[in-house]
Amino acid sequence: MSFVKENVNRQPIVDTVFAIVKKAKEDKEKIGEENVVDATIGSLYNEQGSLVALDSVFSSLKSLDNKVLAAYAASFTGNDDFKDRVYKWVLNGNSHLHHEVIATPGGTGAVAMTIQECLDAGQTVILPEIAWGSYNLMAQMNNLSVKTYALFEEDHFNLTSFKETCEQVMKEQDKLVIVINDPCHNPTGYSLSSQEWKDVIAFLNECSKTHKVVLLNDIAYIDFAYGQKLAKEYFSVFDDISENMAVIVAFSLSKSMTSYGLRCGAAIVMAQTEDIVQELKIVFEKDARATWSNINNGAMAAFVDVMDHHLKEYDQERLQYVALLKERSELFVKEANEVGLKHYPYKEGFFVTLSMDNTTRDIYHEALMKNHIYTVKVNKGIRVAVCSLSLDKIKGLAKKMKDILDTIQ
């Protein structure tokens, strides 16, 4: 007899990212920070090597009355003004579906809520083949199976694999729950084109003739997309979903407001009919109450204050870092292409991922660390966090990495 539920996985969790971060830190202390390339950190850092915390955001937070910071939120689904500003900021007028917004502890809360409440134990969730590892962990902890679709066919989204995976799952159950992390996919930096999104929605509408469909769109990095407002125009495609389909957008203040530790985000529930939205809202509300009970009131109040009173300063400050991120990624990708360091198609975002099989990846990862270059292993690749590397660290890095790769092949 176990002290935990019988069907739960009891293997200890191994957080490979934090383990490598620790190794990189130890190496910096040993040989000097200037001699180590730490491409593990998935947060935005400035050129001086410090974590970016936008002044426009944290000045607003610090100006709030202590009682606001200490208070419970008005509701366990979040404050009304927060939910209103989130919807307007995220969708930017590009969708006209029925909708509800539920505040969550980061975008992670929105993703977890969807996965655990939209499928029964034993059913299957559809994930990208290359993805943030916590998706799989969420599925595992909720006794769900996973089927993955290949992300790429040459330099574009693999619609064929996406369709085949959905069709396989449709033979086994009466519902599809699918995760698409876009734009600025973690960890490849890919963003679907408008036409690719149209093709996805057209196919899912066909699926919805016989199966209920829930599309979870994880947009964690959207506010660092290089197209900015243009990057949100694809939301208009959701207006074409069928009446047997729902879209849940997982929004994160962690990236958008550089407030990683404040743990605040939202699930935006959208559908053609109010009935579908309300069914999801009721269950999500109960999940929220049962799981975390309340969301960081100060984080919500600061977001509203920034949107209402400091939006110009916030945009100006954030866009400086969007431009810096673009400069960093363009430098790395340019040099990688010049030396033949193969990577997945990159368009924008915090990470570039080198493409290789997992056996090569494991050997290569060790070889990189021996040469004081620290990265993160992902399925079928090596993630390079250009978000946290200065331009000086990036310059010449691709050649160093290619030279090391050549020694093991």
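When reading the values below, keep in mind they use all heavy atoms of this one structure, side chains included, and skip hydrogens, waters and symmetry mates.
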Trp197 ring center within less than 6.0 Å of Phe238 ring center:
yes
Checking Glu330 against Lys326 for the salt bridge (Lys or Arg N to Asp or Glu O under 4.0 Å) test, could you report, in this order, the C-alpha distance in whole Å, the side-chain angles of both residues, the deciding distance, and whether it holds?
CA-CA 6 Å; Glu330 285 180 344; Lys326 188 171 188 289; 2.5 Å; yes
Over 12 non-hydrogen atoms of neighbours within 6.0 angstrom of NZ in Lys23:
no
Which of these passes side chain to side chain contact (heavy atoms under 4.5 Å, CB included) with Tyr364: Thr407, Ile408, Thr375, Thr359?
Ile408
In terms of side-chain heavy atoms, does Asn297 have a donor or acceptor partner in Asn79 at a distance below 3.5 Å?
yes
Let me see the working for Phe82 and Phe303 under ring pair (Phe, Tyr, Trp, His ring centres under 6.0 Å), right down to the final yes or no.
CA-CA 7 Å; Phe82 171 76; Phe303 181 78; 5.6 Å; yes
Other residues, nucleotides and ligands only: do more than 12 of their heavy atoms fall within 6.0 Å of NZ on Lys212?
no
Could you tell me if the ring centre of Phe152 sits under 6.0 Å from that of Tyr344?
yes
Going by atom type alone, with no hydrogens or angles, which donor-acceptor pairs under 3.5 Å involve a side-chain atom of residues 127-145 and a protein atom two or more places apart or on another chain?
unit_1	atom_1	unit_2	atom_2	d
Glu129	OE2	Lys380	NZ	2.9
Tyr135	OH	Asp218	OD2	2.5
Asn142	ND2	Met138	O	2.8

So, His211 and Asp174: side-chain donor and acceptor under 3.5 Å apart, yes or no?
no
Indicate whether the side chain of Ser50 and that of Tyr45 have a donor and an acceptor atom separated by less than 3.5 Å.
no
Tell me the side-chain hydrogen bond (donor to acceptor under 3.5 Å, both in side chains) pairs involving residues 116-125, sequence neighbours left out?
Gln116-Asp287
Other residues, nucleotides and ligands only: do more than 12 of their heavy atoms fall within 6.0 Å of CD on Glu243?
no
Decide whether Asp27 and Tyr374 meet the rule of one side-chain donor and one side-chain acceptor closer than 3.5 Å.
yes
Check: Tyr190/Glu196 side-chain N/O donor and acceptor closer than 3.5 Å:
yes
Six-ring centre of Tyr321, Arg318 cation under 6.0 angstrom, axis tolerance 45°:
no
Give a yes or no on whether Glu33 atom CD has more than 12 heavy-atom contacts from other residues, nucleotides or ligands under 6.0 Å away.
no
Just by distance, with hydrogens left out, do Asp182 and Asn217 show a side-chain donor and acceptor under 3.5 Å apart?
no
Do Ser43 and Lys255 have a side chain donor and acceptor closer than 3.5 Å?
no
With distance as the sole criterion, is a donor-acceptor pair present between the side chains of Ser95 and Asp239 under 3.5 Å?
yes
